[in-house]
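Report on one structure; see the data block that follows.
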Amino acid sequence: ATGCHPGSLYRLLRALASIGVYEELPDRRFGTTPLGETLESGRSDSLAPWAEHTSRPYVREAWAGLLDSVRTGENAFARVHGQSVWEYRAEHPDEGALFDAGMVSFAATAARQVLDAYDFTGFGTVVDVGGGHGGLLAAILSRNPAQRGVLFDQSHVVDGASAVLRARGVENRCQLVAGSFFDTVPSGGDAYVLKSIVHDWEDAEALTILRNCRGAMNGSALLLLVERDLGEANQNPAVKFSDLNMFVAPGGRERTQEEYDALLSASGFRRTRTVHTAGDVMVIEAAPV
């Protein structure tokens, strides 16, 4: 069925079974596990698109530049490919589409965790800044039928959002706005959500994004950063390796709560509370000052 050499396929599956992706059964048969099921396509919690994206040659090649980046402090992707990851995907739309699909799948679980932990009911209009294809915003609007949303991202990204919003039945309550958060952010929102945006950038760029959000907000609006907590020493291995991924690919970093507080203070906000989810993401709520 897979077109593989039987003995070699067995060796691969045997290794995957040893770490719980499959379960080895008698007579060289294998069964799936809850972990393995997340790689099946067609599931609401499928991570198959994300796995496909991370296995692409251009991603692996960037990781091959890690040693030079550790020596120089420079971004690995740019050193290997001669341009930023964002420029590369813009010039390679097929890779960009795989990345966008991967982000939708990767965000599904995080969206459920965020909505289970944070109450969005008090907001009339939610602006999702850098919201991709709108997976998180669609989930928010689905739970809050009276709410309206604004999905803000680059034009080639929001062009692919309609199918996601339509599938969740929220397309008529969501406005698509194209632009760059380095230039401006749509005004008029009651909540401004940035999920996994700030960690893509170093402090100077992150401050520009946050200050543009501050400029678009009225005094009663709230900023909601959905990010991962780097945590203390010897803790949170998934987030510390994600920090390496930020270093290698987009050129950003994961941060501690204190580091987020410093960014907020420098961009005209004060943190009002942090809401932790059942996973490793947190919602940092901040108000304008």
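The shown structure was predicted, so the numbers you read here are calculated from the model rather than taken from an experiment.
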query: Could you walk me through whether S84 and F77 pass the side chain to side chain contact (heavy atoms under 4.5 Å, CB included) check?
result: CA-CA 6 Å; S84 73; F77 194 98; 5.8 Å; no
message: Tell me if a side-chain donor or acceptor on S267 pairs with a main-chain N or O of R211 at a distance below 3.5 Å.
response: no
- prompt: Got a donor-acceptor contact below 3.5 angstrom from the T277 side chain to the Q113 backbone?
  reply: no
Pair S242, R228: side-chain N/O donor-acceptor within cut-off below 3.5 Å: yes
field: L13 side chain near E24 side chain, heavy-atom distance below 4.5 Å
entry: no
message: Restricting to side-chain hydrogen bond (donor to acceptor under 3.5 Å, both in side chains), what partner residues turn up for R28, sequence neighbours left out?
response: none
task: Would you indicate whether R253, at its atom CZ, is surrounded by more than 12 heavy atoms from other residues, nucleotides or ligands within a distance under 6.0 Å?
output: no
message: Quick check: do D190 and L222 have side-chain heavy atoms less than 4.5 Å from each other?
response: no
field: Donor-acceptor under 3.5 Å (R173 side chain, G149 main chain)
entry: no
message: Main chain of A51, side chain of T54: is a donor-acceptor contact present, judged purely on distance under 3.5 Å?
response: yes
task: Quick one: do L223 and L210 satisfy side chain to side chain contact (heavy atoms under 4.5 Å, CB included)? Show the steps, please.
output: CA-CA 9 Å; L223 178 75; L210 293 173; 3.9 Å; yes
- prompt: Who are the ring-ring contact (aromatic ring centres under 6.0 Å, His included) partners of F30, not counting sequence neighbours?
  reply: Y10
message: If we ignore hydrogens and angles and just use 3.5 Å, is the side chain of K240 paired with the main-chain N or O of Q235 as donor and acceptor?
response: yes
Side-chain donor or acceptor of E91 paired with backbone N/O of Y88 under 3.5 Å: no
query: Heavy atoms, side chains only, cut-off 4.5 Å: are V150 and C174 in contact?
result: no
- request: Apply side chain to side chain contact (heavy atoms under 4.5 Å, CB included) to I284 and R271, showing your working.
  value: CA-CA 7 Å; I284 302 173; R271 176 167 58 98; 3.7 Å; yes
- prompt: Is it true that V185 and V289 fall in one hydrophobic cluster, defined by side-chain heavy atoms closer than 4.5 Å?
  reply: no
field: Check: N172 main-chain N/O paired with R148 side-chain donor or acceptor under 3.5 Å
entry: yes
message: Quick one, F247 and E254 - any side-chain contact, counting heavy atoms below 4.5 Å?
response: no
query: Between N236 (side chain) and V239 (backbone), is there a donor-acceptor pair under 3.5 Å?
result: no
message: I'd like to know whether CD of E232 has more than 12 heavy-atom contacts from other residues, nucleotides or ligands below 6.0 angstrom.
response: no
message: Could you work out, with ring-ring contact (aromatic ring centres under 6.0 Å, His included) as the rule, every residue matching W86, not counting sequence neighbours?
response: W201
Spatial distance of atom CH2 (W50) from atom CG (L39) [nearest 0.5 Å]: 14.0 Å
message: The test is side chain to side chain contact (heavy atoms under 4.5 Å, CB included); show your working for F99 and H92 and say whether it passes.
response: CA-CA 11 Å; F99 172 75; H92 299 79; over 6 Å; no
What pairs of donor and acceptor atoms, side-chain ones from residues 120-132 against any protein atom, are under 3.5 angstrom apart with sequence neighbours left out?
| residue | atom | partner | partner atom | Å |
| --- | --- | --- | --- | --- |
| T121 | OG1 | D119 | OD1 | 2.8 |
| T121 | OG1 | D119 | OD2 | 3.1 |

- prompt: Any donor-acceptor pair under 3.5 Å linking the side chain of R255 with the backbone of V198?
  reply: yes
query: Between E285 and T274, is a side chain to side chain donor-acceptor pair (under 3.5 Å) present by the stated rule, with each step listed?
result: CA-CA 6 Å; E285 180 189 271; T274 297; over 6 Å; no
message: Are the side chains of D94 and L98 in contact, using a 4.5 Å heavy-atom criterion?
response: no
- prompt: What are the two closest non-hydrogen atoms of G65 and V80, and how far apart are they?
  reply: CA-CG2, 4.0 Å
- line: When V226, V275, L224 are each screened for side chain to side chain contact (heavy atoms under 4.5 Å, CB included) with V114, the one that passes is V226
message: For N234, I'd like to know if atom CG has over 12 heavy atoms of other residues, nucleotides or ligands within 6.0 Å.
response: no
- prompt: Can you name the side-chain hydrogen bond (donor to acceptor under 3.5 Å, both in side chains) partners of R11, sequence neighbours left out?
  reply: none
query: For F241, which residues count as a ring-ring contact (aromatic ring centres under 6.0 Å, His included) partner, sequence neighbours excluded?
result: none
- prompt: If you measure only the distance, is there a donor-acceptor pair under 3.5 Å linking the side chains of Y192 and R214?
  reply: no
message: Tell me if the centroids of the rings in F152 and F181 come within less than 6.0 Å of each other.
response: no
query: Do the side chain of D153 and the main chain of V158 share a donor and acceptor less than 3.5 angstrom apart?
result: no
message: Just checking R29: does its CZ atom have more than 12 heavy atoms from other residues, nucleotides or ligands closer to it than 6.0 angstrom?
response: yes
